[in-house]
Trainee: 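I'd like to ask some things about the structure below.
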Amino acid sequence: MKQVALPYQEHEHKGLLKALKLQRMASFSKGMLFLLPSIILFSVFLFYPLGRTLYLSFFLTNSSGQTTVFVGLENYMNIFNSPIFLKSLQSTLLFVLYTVPGTILVSLFLAIIANEKLKGVGLFRTMYASTMGISTAAASVFWLFLFHPSIGWLNQLLKLLGADAIGWLTNPDWALFSVSIATIWMNSGFTFLILLGGLQSIDQYLYESANIDGAGYFYKLRRITLPMLSPTLFFVITVSFINAFQTFGQIDMLTRGGPQNETNLIVYSIYQDAFMNYQFGTASAQAMILFFIILILTLIQFKLGERKVHYQ
Amino acid sequence: MMHLVELKQVSKSYDKNVQVLHSIDLQIEEGEFFVLVGPSGSGKSTLLRMIAGLESLSGGELKIQGRLVNHLPPKERHLSMVFQNYALYPHLTVEQNILFGLSAKKVNKQEQQKRLQEAVSMMGLGDLLKRKPKQLSGGQRQRVALARSVISQEPLCLMDEPLSNLDAKLRAHMRTEIRRLQKKLGLTMIYVTHDQVEAMTMGDRIMVLNEGEIQQIGKPIDLYNQPANLFVASFIGSPRMNLGLAVINQNQLIIEDTIKLSITNQDIPKIIKRSGITIGIRAEHLVYATQEEANLHLDVVNVEQLGNETLLTFEVGSQLWTAKWLGQWLINAGERIPLKINLDHISFFDSQSGQIMQTATASQDLKVVAL
Ligand SMILES: Nc1ncnc2c1ncn2[C@@H]1O[C@H](COP(=O)(O)OP(=O)(O)O)[C@@H](O)[C@H]1O
Ligand SMILES: [Mg+2]
């Protein structure tokens with residue numbers, strides 16, 4: 001009887017709410033359906049390995065990676081007391097400090113000069129971007145030749161200039177620097193291409209207007225080009241950061257972490273612990289630490305970037 | 001006498017075979033509002049950008065204030081420019097946008113602020129100084145672009161279709177505002193538009209351009225009354241001039257094989273041809289007449305009531321002619337209407353070359369009310 005007493009509108013209102021709810025459900029499940037492929041892929045290749053690594057980092061393992069003894073946080077404590085890990089952390093940070101600004105500055109310079117409207121500039125664009133198409137292994141072999149102590153071009157050049165030969169990859173004072181130079185060269189192709197794309201999407205009218213206003217080259221660079229390029233620069237910096245922390249290939253090819261662990265970057269150290277020493281537990285703990293370092297640095301970058309970057 | 005801007009035989013080709021502008025000769029005087037009008041693709045922007053120094057000349061001479069400037073970069077030509085899309089810097093505030101040029105030229109801060117205040121109050125931008133361009137409406141962006149050009153205090157201002165992104169009402173408003181600004185500051189303006197109404201209402205003088213060739217240069221009224229060729233005749237004026245093929249047969253002018261008007265040799269002293277003629281008559285000269293006065297009858301195909309005037313469309317052979325009558329005329333499509341055409345309102349063109357042979361004689365001596 002109570003229902004009959006309800007005013008007519010309220011009935012209708014309830015029906016409407018129900019319809020809305022159904023609609024929302026339908027659109028939610030549709031959305032999920034579209035996301036399903038990426039959810040599956042991410043789960044198999046990302047979330048599961050991440051969880052598995054976290055799990056492993058609390059255990060000791062046998063040589064085939066099976067867990068044996070639960071040790072809690074002991075792996076982490078051992079790592080932070082290990083001079084080798086601390087050394088590799090230091091090397092990694094130095095490596096990032098050399099390669100990220102190095103890559104960005106070199107690529108930015110190349111992108112800016114390759115963005116000029118000159119005859120034959122296409123050739124230079126292709127050339128500057130070409131390192132993108134060379135695999136790390138091939139590039140490493142190329143640099144091995146350059147760095148070769150006796151027949152390498154670099155030392156030959158030094159000899160011509162009357163200077164002493166340098167043990168580019170064998171001298172502990174030089175090795176990290178040499179690897180960084182090779183890395184900057186390898187990464188500059190990709191960064192160059194992205195930055196050039198960013199430069200080309202800047203409206204030409206802005207420069208024409210500035211020309212009429214009498215702005216000079218560097219004034220335009222500072223007031224138009226760099227601010228308009230900031231979203232691209234931000235993207236490139238973030239990606240380079242993450243890439244630098246994850247460097248592996250050229251270390252394996254050029255120095256194998258030596259001399260005296262100078263170039264033993266974290267990912268190489270993880271690889272050695274896991275697949276040379278079969279210490280999957282400590283390797284996993286190192287991987288987790290690397291994960292958090294990258295996560296935190298990226299978050300900081302986004303916070304800082306928000307303020308400086310101009311999005312259209 | 002020195003002209004502010006002078007073009008001699010200026011031409012432009014992008015590739016060697018495609019010529020965009022042919023031999024442009026032009027003088028623009030100081031303080032003049034000069035409009036460059038023509039259909040899209042006729043080369044207006046190219047010409048303006050050559051004057052600005054954003055495009056090189058392929059041939060000819062360009063002088064500004066008597067100085068040859070062919071080789072000079074834009075900043076040494078002492079001019080300002082407003083672009084069609086305004087070219088505002090999206091990452092800078094309105095204030096920074098307006099001051100961009102002054103700080104590039106290292107004008108001192110006090111002077112900058114003084115000029116900023118002037119420009120801002122002139123354009124009514126006071127509340128918007130801290131906003132970014134994307135937070136502005138089309139009309140506000142337009143005013144920022146104007147302020148940016150005004151603040152440079154250069155004597156010559158170039159504008160490339162500055163109103164084409166605005167709605168009709170705002171466009172009409174900005175037309176008068178730009179015109180007033182130009183007069184007030186004594187600027188010399190070169191204004192590009194594809195809109196002949198804009199050209200007619202704003203220009204002191206107009207140059208009509210088509211396919212890279214000058215069609216005619218003159219005062220708006222002269223272009224309207226005495227078009228130099230068929231292109232100008234049909235481009236200037238709204239509704240466009242009524243045109244029809246005509247032949248002269250003894251004492252008759254036969255238009256589109258349908259209209260026959262009697263004519264004497266005194267009426268057409270400059271016309272030697274007897275066929276291959278195109279005649280033109282303005283919509284306001286196709287007038288209603290009583291049955292006795294009428295010299296032609298035409299069928300109405302369409303009637304448009306505009307409130308204060310009535311537009312009627314008639315069928316004349318293969319052409320549609322328009323008449324514009326003051327007031328409200330209750331006429332239905334399909335009616336046959338008695339009309340009158342005065343011979344001295346007819347312009348005669350050569351159909352082949354399109355050139356004028358004899359302008360409407362009525363327009364040469366009267367009609368223009370001068371006070
Ligand atoms: N950079 C260019 N390269 C080649 N052709 C161009 C270029 N700019 C304009 N044109 C050509 O020049 C002609 C005139 O263009 P434009 O001056 O922009 O015309 P308008 O401004 O009158 O519409 C067009 O046919 C156009 O295709
Ligand atoms: Mg144009």
Side-chain angles (χ1 to χ4, degrees), chain A residues 104 108 111-113 115-122 194-238 301-312, chain B residues 45 48-56 64 69 72-93 96-107 112 132-135 141 144-154 156-162:
Chain A
I104 302 288
L108 185 61
I112 286 172
I113 60 173
N115 192 37
E116 298 291 328
K117 282 191 190 51
L118 298 173
K119 252 195 196 132
V121 81
I194 303 280
L195 288 177
L196 183 64
L199 284 176
Q200 300 208 312
S201 70
I202 301 177
D203 199 341
Q204 214 52 40
Y205 281 112
L206 300 183
Y207 292 109
E208 293 184 343
S209 178
N211 284 341
I212 287 177
D213 273 341
Y217 181 82
F218 289 101
Y219 190 79
K220 283 184 279 182
L221 190 66
R222 187 165 57 82
R223 295 287 309 269
I224 303 177
T225 308
L226 291 181
M228 294 297 285
L229 197 62
S230 60
T232 317
L233 267 176
F234 180 68
F235 167 78
V236 160
I237 290 173
T238 310
Q301 268 187 65
F302 271 93
K303 265 276 161 275
L304 291 179
E306 238 167 43
R307 267 184 264 148
K308 293 264 182 225
V309 172
H310 160 78
Y311 290 103
Q312 286 277 46
Chain B
S45 298
L48 195 73
R49 290 165 57 81
M50 280 159 68
I51 296 174
L54 299 171
E55 298 278 356
S56 61
I64 296 180
V69 295
L72 291 185
K75 66 175 169 188
E76 287 173 43
R77 299 188 181 196
H78 299 292
L79 44 82
S80 62
M81 183 160 175
V82 175
F83 291 82
Q84 179 170 2
N85 59 7
Y86 314 140
L88 299 181
Y89 306 108
H91 57 288
L92 300 180
T93 63
Q96 290 167 324
N97 261 290
I98 297 176
L99 289 176
F100 188 91
L102 294 191
S103 40
K105 280 180 237 149
K106 302 208 170 63
V107 173
Q112 285 190 18
K132 296 271 175 74
K134 74 172 171 200
Q135 298 164 312
R141 278 179 216 180
V144 176
L146 285 180
R148 199 167 62 172
S149 131
V150 163
I151 205 171
S152 70
Q153 298 189 343
E154 302 290 6
L156 176 62
C157 179
L158 313 180
M159 295 196 177
D160 192 355
E161 313 215 12

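Just so you know, these numbers come straight off a predicted model, no measurement behind them. Each chain gets a letter, A, B and so on, in the order the sequences are listed, and its residues count up from 1.
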Trainee: Sort B:L79 into side chain, backbone, both or neither according to what part of it lies under 4.5 angstrom from a heavy atom of chain A.
Mentor: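 Answer is both: backbone and side chain atoms of B:L79 are under 4.5 Å from chain A.
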
Trainee: At their closest point, which heavy atom of A:R223 faces which heavy atom of B:H91, and how far apart are they?
Mentor: O-NE2, 2.6 Å

Trainee: Which residues pass the ring-ring contact (aromatic ring centres under 6.0 Å, His included) test with A:F302, sequence neighbours left out?
Mentor: A:F234

Trainee: Where on B:S103 is there a heavy atom nearer than 4.5 Å to chain A: the side chain, the backbone, both, or neither?
Mentor: both

Trainee: Any idea which of B:G101, B:A52, B:S152, B:P73 has the most non-hydrogen atom pairs under 4.5 angstrom with chain A?
Mentor: B:G101

Trainee: A:I212 and B:F83: side chain to side chain contact (heavy atoms under 4.5 Å, CB included), yes or no, with the steps?
Mentor: CA-CA 11 Å; A:I212 287 177; B:F83 291 82; 4.3 Å; yes

Trainee: Measure the spacing between OH of A:Y219 and NZ of B:K106 and express it to the nearest 0.5 Å.
Mentor: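 Between atom OH of A:Y219 and atom NZ of B:K106 there are 8.5 Å.
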
Trainee: Is it the side chain or the backbone of B:R49 that comes within 4.5 Å of chain A heavy atoms, both, or neither?
Mentor: side chain

Trainee: For B:L158, is it the side chain, the backbone, both or neither that has a heavy atom under 4.5 Å from a heavy atom of chain A?
Mentor: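 Neither; nothing under 4.5 Å.
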
Trainee: Roughly how far, to the nearest 0.5 Å, is the CG atom of B:L54 from the OH atom of A:Y207?
Mentor: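 Separation between the atoms: 15.0 Å.
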
Trainee: So which part of B:F100 gets closer than 4.5 Å to some heavy atom of chain A, the side chain, the backbone, both or neither?
Mentor: both

Trainee: Counting heavy-atom pairs under 4.5 Å with chain B, which one of A:G214, A:S209, A:A215, A:S230 comes out on top?
Mentor: A:S209

Trainee: Which atom names give the shortest non-hydrogen contact between A:L206 and B:L88, and what distance separates them?
Mentor: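 Scanning both residues, the minimum pair turns out to be CD2-O, 3.3 Å.
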
Trainee: Does atom OH of A:Y217 have more than 12 heavy-atom neighbours, drawn from other residues, nucleotides or ligands, at distances under 6.0 Å?
Mentor: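 Count over threshold, so yes.
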
Trainee: Of the backbone (N, CA, C, O) and the side chain (C-beta and beyond), which part of A:N211 lies under 4.5 Å from a heavy atom of chain B, both, or neither?
Mentor: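 Contact with chain B: backbone and side chain both.
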
Trainee: Taking all atoms of both residues into account, what is the closest heavy-atom pair of A:D213 and B:K105, and its distance?
Mentor: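 Looking at all heavy atoms of both residues, the closest pair is O-CE, 2.8 Å.
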
